[in-house]
**Q** 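Before anything else, here's the structure in question.
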There are 2 protein chains.
Amino acid sequence: MLSAVTTDAMPLDRRRRRRLETIEEVLDVAVEIMTEQGVAGLSIGEVARRMGIRPPSLYVYFASKEAMYDALFERGARLVLEHVRAATADIDTDDRTTEAIMLDAAASFVRWSVEHPAYTQLLFWRPVPGFAPSAEAYAPAVELVALMNDRLTVLQRRGLLRADADIDLVQRDWTVLISGVVSQQLSNAPDEPFDSGAFTSRLPTLVAMFCDHYNSPARGNRNARKR
Amino acid sequence: MLSAVTTDAMPLDRRRRRRLETIEEVLDVAVEIMTEQGVAGLSIGEVARRMGIRPPSLYVYFASKEAMYDALFERGARLVLEHVRAATADIDTDDRTTEAIMLDAAASFVRWSVEHPAYTQLLFWRPVPGFAPSAEAYAPAVELVALMNDRLTVLQRRGLLRADADIDLVQRDWTVLISGVVSQQLSNAPDEPFDSGAFTSRLPTLVAMFCDHYNSPARGNRNARKR
DNA sequence: GTCTATATGACGATAGAC
DNA sequence: GTCTATCGTCATATAGAC
């Protein structure tokens, strides 16, 4: 009886696990294709070809091509969210300078972005005509914005950012810097590695500019004027 | 006899003029479509439909869809090149501060970019799978880089930028700022006008950061450290 | 230069057998 | 869940009449 329960239940679990594994494989292959051909170059047929199955079989896992893009968007947003979360987890105890803390955070994000160009394009540009992510897929992206806001607020409370700075504006300026580096690197020299990229290597200087502006004056900024 | 020459020659000129006008009209319609549907959403059929002709007729003017993209790339690059050239033409006599000069230059470029999102995406991102501009189409883009380098060199010679700054690095940092603003504005709030955009309105602060860093110390920068 | 007609093919998606 | 078969649509591109 008890074994009957397990033999009834376990295959179901296995099937669901197997199904999820297949979905993951589909998404892996899709990312591979987008990386090679560009995000808008993804096609159901090419995914099936590389998986050794026929195109209609994919409709068991995704209702449409747009649903596949949606899953890719959500996956990418989750990945980058967790990446940033992990890279900035110790921000409330990190006793280095503002500049060192910010540079590490920036480098972590930019590295991930240039090493995952397909996700980056899908998440931060608009390369697919007609595609807009669903609210569910967009949720982790919203959370990322909130997380960055939290992190900056912590820095400000610790006295590492000017007390009179508006965190929303700080965040906007910060994202301009970061996305500028990513955008320039990916569109002008996508094959250069992060460590020696013509634009990624400008991060120290750019972060220094930023910190000189937003540093707390008490912490030694010699150029404290309000804007 | 003389009139025979003119009646022979003039129609040819008119035909060539008419042909060029038609080509311009095709490109106008193509930009319209790319603006609405995304750059990768351009299709020959839709261009023909909006022009009230049949798709095959377009092949009289463009050998392929890629040739059309190529013409659009070149046109966009020429437009932005001339726009920047005009906006910075008086840089060797402009007697305002570095910050004022740079802010105007930045605003001019960013305004053009957000008001011409189709060209911007085609020129500065890579939204069309398989398309790469020809050397001819790319030429004005190369010239734009050279022009910006010239302008920055003039500023440095006039003592408005640190004498010890490497202009190539200054230019890279500058393009990061500019492209960051454009990228963030277009991907997060493409419909906001330049004057009230969440990111375009950050330009004064961002340019100030930049100038505080690269300003000539003699001109009153209180934060002169070398990087 | 524009048209009709057509070649050719890819694509997304569905129906239904197994 | 996978397949074959197929639909419908759209696309780029060419041939040849007018």
Side-chain angles (χ1 to χ4, degrees), chain A residues 10-30 32-34 36-73 122 127-132 134, chain B residues 10-30 32-34 36-73 122 127-132 134:
Chain A
M10 289 307 287
L12 273 174
D13 275 1
R14 278 193 202 136
R15 268 177 217 157
R16 288 178 64 177
R17 278 245 311 266
R18 174 79 184 132
R19 182 186 167 82
L20 290 178
E21 281 172 20
T22 306
I23 288 178
E24 291 302 301
E25 190 190 341
V26 170
L27 297 181
D28 286 340
V29 171
E32 191 182 295
I33 295 167
M34 291 192 297
E36 293 170 19
Q37 318 275 341
V39 171
L42 178 64
S43 83
I44 302 280
E46 184 62 22
V47 173
R49 201 169 300 123
R50 297 196 188 196
M51 290 182 68
I53 61 176
R54 304 296 142 189
S57 303
L58 288 170
Y59 286 84
V60 173
Y61 306 101
F62 295 95
S64 67
K65 187 185 176 181
E66 195 171 320
M68 197 181 291
Y69 272 125
D70 213 49
L72 288 164
F73 191 101
L122 180 62
V128 183
F131 169 69
S134 65
Chain B
M10 288 305 287
L12 273 174
D13 275 1
R14 278 193 201 136
R15 269 177 216 155
R16 288 177 65 177
R17 278 244 310 266
R18 173 81 184 130
R19 181 184 168 84
L20 290 179
E21 280 173 21
T22 306
I23 288 178
E24 292 302 301
E25 190 190 341
V26 170
L27 297 181
D28 286 340
V29 172
E32 191 182 295
I33 294 168
M34 292 192 296
E36 293 170 19
Q37 319 274 342
V39 172
L42 178 64
S43 83
I44 301 281
E46 184 62 22
V47 173
R49 200 169 299 123
R50 298 195 185 196
M51 290 182 68
I53 61 174
R54 305 298 142 192
S57 304
L58 287 170
Y59 286 83
V60 174
Y61 307 101
F62 295 96
S64 68
K65 186 184 176 182
E66 196 171 317
M68 198 182 290
Y69 273 125
D70 212 50
L72 288 164
F73 191 101
L122 180 62
V128 184
F131 168 69
S134 66

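Residue numbers start from 1 in every chain, and the chains themselves are labelled A, B, ... in the order their sequence lines are given, proteins ahead of strands.
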**Q** Between D/dA13, D/dC3, D/dG1, spot the one nearest the side chain of B/S64, thanks.
**A** D/dA13
**Q** Could you tell me how far apart A/R49 (CZ) and D/dT2 (P) are, to the nearest whole angstrom?
**A**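 Taking CZ of A/R49 and P of D/dT2, I get 18 Å after rounding.
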**Q** To the nearest Å, give me how far apart CG (B/L58) and C1' (C/dC3) are.
**A**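 It works out to 13 Å between those atoms.
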**Q** With a 4.0 Å cutoff (strictly under), does any side-chain N or O of B/R54 reach OP1 or OP2 of C/dT6?
**A** no
**Q** As a test of reading the structure: which of C/dC11, D/dT14, D/dG1 is closest to the side chain of A/S43, going by heavy atoms?
**A**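 Closest nucleotide to the A/S43 side chain: C/dC11.
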**Q** What's the CZ-P distance between A/R18 and D/dT2, to the nearest Å?
**A**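 A/R18 atom CZ is separated from D/dT2 atom P by 8 Å.
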**Q** Are the side chains of B/L27 and B/F62 in contact, using a 4.5 Å heavy-atom criterion?
**A**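 B/F62 vs B/L27: side chains touch.
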**Q** Tell me, yes or no, whether the heavy-atom count around B/R19 atom CZ, taken from other residues, nucleotides or ligands under 6.0 Å, exceeds 12.
**A**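 Buried by this count: over 12 neighbours within 6.0 Å.
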**Q** Can you name the closest pair of heavy atoms from B/G45 and B/P55 and give their distance?
**A** CA-CG, 4.2 Å
**Q** Without decimals, in angstroms, what is the distance between B/Y59 OH and C/dA7 C1'?
**A** 13 Å
**Q** Applying a 4.0 Å non-hydrogen cut-off, can you work out what B/S57 is touching in the nucleic acid: base, sugar-phosphate, or nothing?
**A** base
**Q** Can you tell me how far C1' of D/dG1 sits from CZ of A/R17, to the nearest Å?
**A**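 These atoms are roughly 19 Å apart.
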**Q** Looking only at side-chain N and O atoms, does B/Y61 come under 4.0 Å of OP1 or OP2 in C/dT2?
**A**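 Answer is yes, contact under 4.0 Å.
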**Q** Mind listing the closest non-hydrogen atom pair of B/G130 and B/E66 along with its distance?
**A** O-OE1, 4.4 Å
**Q** Write down the atom of B/E46, the atom of B/I33, and the distance for their closest heavy-atom approach.
**A**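 Of all heavy-atom pairs spanning B/E46 and B/I33, the closest is CG-CD1, 3.5 Å.
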**Q** To the nearest Å, how far apart are A/K65 NZ and C/dA10 C1'?
**A**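 The distance from NZ of A/K65 to C1' of C/dA10 comes to 11 Å, rounded to the nearest Å.
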**Q** Take atom OH of A/Y69 and atom C1' of C/dC11, then tell me their distance rounded to the nearest Å.
**A** 12 Å
**Q** CD1 of A/I44 versus P of C/dA13: gap in Å, rounded?
**A**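 Taking atom P of C/dA13 as the reference, CD1 of A/I44 is at 6 Å.
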**Q** Under 4.0 angstrom, heavy atoms only, what part of the nucleic acid is B/P56 near: base, sugar-phosphate, or nothing?
**A**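 B/P56: base contact, heavy atoms under 4.0 Å.
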**Q** Heavy atoms under 4.0 Å, any strand shown: does B/T22 hit a base, just sugar-phosphate, or nothing?
**A** nothing
